[in-house]
Amino acid sequence: IIVRVLDGEWLVFHGGSGDTHRLSLEAGFVFGMLRNGKTPMTTDMLLGQAGQRGFSGLDSQSLDDVLQGLWALSLVKNS
């Protein structure tokens, strides 16, 4: 996976599928936290990190929507 951030959006190239995806800043933040995390993260952990980093608009429902979208794109595993 190759990631670039341009103008507040994340561009993610998935080498396995050959697809390129454009993520919102919030979805990119969540993707980055999950991708760079050394241990699995719970939704509470993600929401805590989001709040600390200024993503106050990311609540449990919007986080669930973001996670479902990332899962549907095969960018994260659903566990």
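Computed from a predicted model, the values in this text were never measured in an experiment.
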Cluster check Leu11, Val3: I/L/V/M/F/W/Y, side chain < 4.5 angstrom = no
Nearest heavy-atom neighbours spanning Leu58 and Ala50 = CD2-CB, 3.8 Å
Which atoms form the tightest heavy-atom contact between Leu47 and Leu63, and what is the distance?
-> CG-CD2, 3.7 Å
Does any non-hydrogen side-chain atom of Met33 lie less than 4.5 Å from one of Met45?
-> no
Look up atom CZ in Arg22 and atom CG in Asp7, then write down how far apart they are to the nearest 0.5 Å.
-> 11.0 Å
Go through the steps for Leu67 and Leu34 under the test side chain to side chain contact (heavy atoms under 4.5 Å, CB included), then give the verdict.
-> CA-CA 10 Å; Leu67 289 170; Leu34 294 172; 3.7 Å; yes
Over 12 foreign heavy atoms within 6.0 Å of CZ, Arg35 | yes
Nearest heavy-atom approach of Phe29 to Leu46 is CE2-O, 4.3 Å
Taking all heavy atoms of Leu25 and all of Trp10, pick out the closest pair and write down the distance.
-> CD1-NE1, 4.0 Å
Report yes or no: does Asn36 contribute a side-chain atom to a donor-acceptor pair with the main-chain N or O of Gly32 at less than 3.5 Å?
-> yes
For residues Ser62 and Gly57, report the shortest heavy-atom separation together with the two atoms involved.
-> OG-O, 3.6 Å
Least distance between heavy atoms, Phe31 atom then Leu23 atom | CB-CD1, 4.1 Å
Hey, quick one: are Val30 and Trp71 part of the same hydrophobic cluster, counting side-chain heavy atoms closer than 4.5 Å, chains of contacts allowed?
-> yes
